[in-house]
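These notes are about the structure you will find just below.
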Amino acid sequence: MLARKSLGQHFLLDSTITDQIVLYAGNLKDCNVIEIGPGPGGLTRSLLNAGAKKLFVIEKDDRCIAIVEQLKELAEGRLEIIHGDALDIDLLTAVPAPRKVVANLPYNVGTAMLIKWLNAIYSGKEAFESLTLMFQKEVALRITADHGNKDYGRLSVLCQWLCDCRYDFDLPPYAFTPPPKVSSAVVTLTPRPKPLADVSKEALETILAKAFGQRRKMLRSALKGLAVPADELLKKAGIDGTLRAEQLDVATLGRLAKIYKNCKE
Ligand code: SAM
């Protein structure tokens, strides 16, 4: 089967690697596991062998659907194949809880999928037990970066605000067929019982867009143009206006956003 670039197809054909990803996802025996893009089924096979209670795979490419159908015998009734675009499918409706997502994501839409799942987590409906996901390394670094790190930004804050984010391991391009241009990494996100700061996502996103939009600027300049004057906001939050956004931890940015929302109302 010829890999389709438009579908971000870089396959893992070595079961040692797919078994390793599954190990990082923890116990699957009590969960409905969701795999986005099973491709030729390497990771799918590892998930079934690890005893996933039920495995739901979502795949866009009909050629892959035909291959994964062949795993039905191994699955003994535990495999459900959904032919469609994972971006269009509401996982909370399609798959009953408790849910774990395990996937080697297509790079071109991986971040968009993650943002969609973060929205589901924010909705507070106990959306996922965990998500173990392969991204290009640069994205994995952004998801897990701590404040003060050059990779720390809006994605880090949104992910860490809602989830405990763990960097699992790296994979070089040659681990994939065909090899991508960049390295990859697996991360596991485990939703927190409640977000790190008690603030609306809308207010947090407004503050993050401003604060990291011009990340080299001091906060007292970067936060200009909001509905509340930057100096007043920073003073109320007790934050030194000469700092830059990347120097503030997630809880502090959350607190800043909450104060912004309160002042605005
Ligand atoms: N899991 C396989 C593996 O590890 O070898 C394949 C991973 S490959 C990086 C990404 C897979 O996602 C491909 O099979 C591709 O066809 C599928 N895919 C791409 N975009 C998709 C979408 N929007 N919805 C569902 N599947 C998609």
Side-chain angles (χ1 to χ4, degrees), residues 1-25 28 32-50 52 55-72 74-75 78-95 99-120 128 130-140 143 168-188:
M1 185 178 77
L2 224 58
R4 285 191 178 142
K5 217 174 167 185
S6 62
L7 288 173
Q9 292 184 337
H10 298 283
F11 302 127
L12 288 169
L13 305 176
D14 177 348
S15 62
T16 323
I17 296 174
T18 51
D19 286 349
Q20 193 184 353
I21 298 172
V22 173
L23 270 182
Y24 280 93
L28 305 178
N32 291 313
V33 180
I34 303 162
E35 186 193 0
I36 309 299
L43 180 58
T44 317
R45 191 178 281 274
S46 293
L47 289 164
L48 289 169
N49 286 338
L55 175 59
F56 295 75
V57 297
I58 304 175
E59 175 60 64
K60 207 171 167 183
D61 186 341
D62 41 10
R63 301 171 310 158
C64 301
I65 296 280
I67 300 174
V68 176
E69 287 279 354
Q70 294 165 19
L71 290 175
K72 282 220 151 139
L74 168 73
R78 293 177 295 141
L79 179 60
E80 186 139 332
I81 302 173
I82 303 172
H83 189 183
D85 186 329
L87 278 170
D88 295 337
I89 295 171
D90 175 9
L91 298 185
L92 306 200
T93 310
V95 179
R99 309 171 192 88
K100 279 191 176 185
V101 182
V102 185
N104 170 17
L105 292 177
Y107 288 161
N108 40 354
V109 285
T111 314
M113 287 186 187
L114 176 62
I115 299 285
K116 194 176 148 168
W117 300 332
L118 288 175
N119 285 335
F128 306 108
S130 64
L131 304 102
T132 298
L133 306 170
M134 173 92 66
F135 287 100
Q136 53 196 100
K137 183 170 177 172
E138 174 234 324
V139 177
I143 291 170
D168 292 335
F169 65 93
D170 289 332
L171 274 181
Y174 61 77
F176 300 83
T177 308
K181 289 204 173 75
V182 293
S183 287
S184 304
V186 174
V187 295
T188 296

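Whatever order the structure lists them in is the order used to number ligands and atoms, beginning at 1.
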Under the criterion side-chain contact (heavy atoms from CB on, under 4.5 Å), which of L133, V187, V109, V101 is the partner of L114?
L133
Tell me whether R45 at atom CZ has more than 12 heavy atoms from other residues, nucleotides or ligands lying less than 6.0 Å away.
no
Does A103 approach ligand 1 within less than 4.0 angstrom via side chain, backbone, both or neither, non-hydrogen atoms only?
neither
Between S183 and D170: side-chain donor-acceptor atoms closer than 3.5 Å
no
R99 side chain to V33 main-chain N or O, any donor-acceptor pair under 3.5 Å?
no
Are any of the N/O atoms in A86 less than 3.5 Å from those in ligand 1?
yes
Shortest protein contact, atom 2 (C) of ligand 1 (heavy atom only):
P38 O, 3.3 Å
F11 heavy atoms, cut-off 4.0 Å: which ligand 1 atoms fall inside?
5 (O), 6 (C), 14 (O)
Please check if any side-chain donor atom of T188 sits under 3.5 Å from a side-chain acceptor atom of S130, or the reverse.
no
Which of the numbered atoms in ligand 1 are under 4.0 angstrom from any heavy atom belonging to G84?
24 (N), 25 (C)
Just say parallel, tilted or perpendicular for the rings of F169 and Y24, cut-offs at 30° and 60°.
tilted
If you count the atoms of ligand 1 from 1 in the order shown, which ones are under 4.0 Å from a heavy atom of I58?
25 (C), 26 (N)
Would you mind checking which non-hydrogen protein atom is closest to atom 4 (O) of ligand 1, with the distance to 0.1 Å?
N104 ND2, 2.8 Å
May I ask you to check whether E35 and T44 show a side-chain donor-acceptor distance below 3.5 Å?
yes
Heavy-atom proximity to atom 26 (N) of ligand 1, best of K60, H10, R4
K60
Shortest protein contact, atom 5 (O) of ligand 1 (heavy atom only):
L12 N, 2.8 Å
Nearest non-hydrogen protein atom, atom 20 (N) of ligand 1
P106 CG, 3.5 Å
Atom 23 (N) of ligand 1: nearest protein contact (heavy atom, Å):
D85 OD1, 2.9 Å
At what distance is the nearest protein heavy atom to atom 17 (C) of ligand 1, and which residue and atom is it?
E59 OE2, 3.3 Å
Among A175, C64, P40, G37, which one has a heavy atom closest to atom 11 (C) of ligand 1?
G37
For the pair V22 and L43, evaluate side chain to side chain contact (heavy atoms under 4.5 Å, CB included) and give the outcome as yes or no after the intermediate values.
CA-CA 8 Å; V22 173; L43 180 58; 3.8 Å; yes
Looking only at distances, can you tell me whether any N or O atom of V109, backbone or side chain, sits closer than 3.5 Å to an N or O atom of ligand 1?
no
Please determine whether side chain to side chain contact (heavy atoms under 4.5 Å, CB included) holds for the pair L105 and M134, giving the CA-CA distance in whole Å, both sets of side-chain angles, and the decisive distance to 0.1 Å.
CA-CA 6 Å; L105 292 177; M134 173 92 66; 5.8 Å; no
Is there a heavy atom in M113 that sits closer than 4.0 Å to ligand 1?
yes
Give the minimum heavy-atom separation between H83 and E59, together with the two atoms involved.
CD2-O, 3.2 Å
Residue pairs passing the side chain to side chain donor-acceptor pair (under 3.5 Å) test with at least one member in residues 108-119, sequence neighbours excluded, are N119-K201
The closest protein heavy-atom partner of atom 19 (C) of ligand 1 is L7 O, 3.1 Å
Is there a heavy atom of E35 sitting under 4.0 angstrom from any atom of ligand 1?
yes
Should Q9 be counted as touching ligand 1, given the test is an N or O pair under 3.5 Å?
yes
Evaluate side chain to side chain contact (heavy atoms under 4.5 Å, CB included) for K100 paired with L28, printing each intermediate quantity in order.
CA-CA 8 Å; K100 279 191 176 185; L28 305 178; 3.8 Å; yes
Would you mind running through ligand 1 and noting each atom that sits below 4.0 Å from a heavy atom of G8?
8 (S), 9 (C), 10 (C)
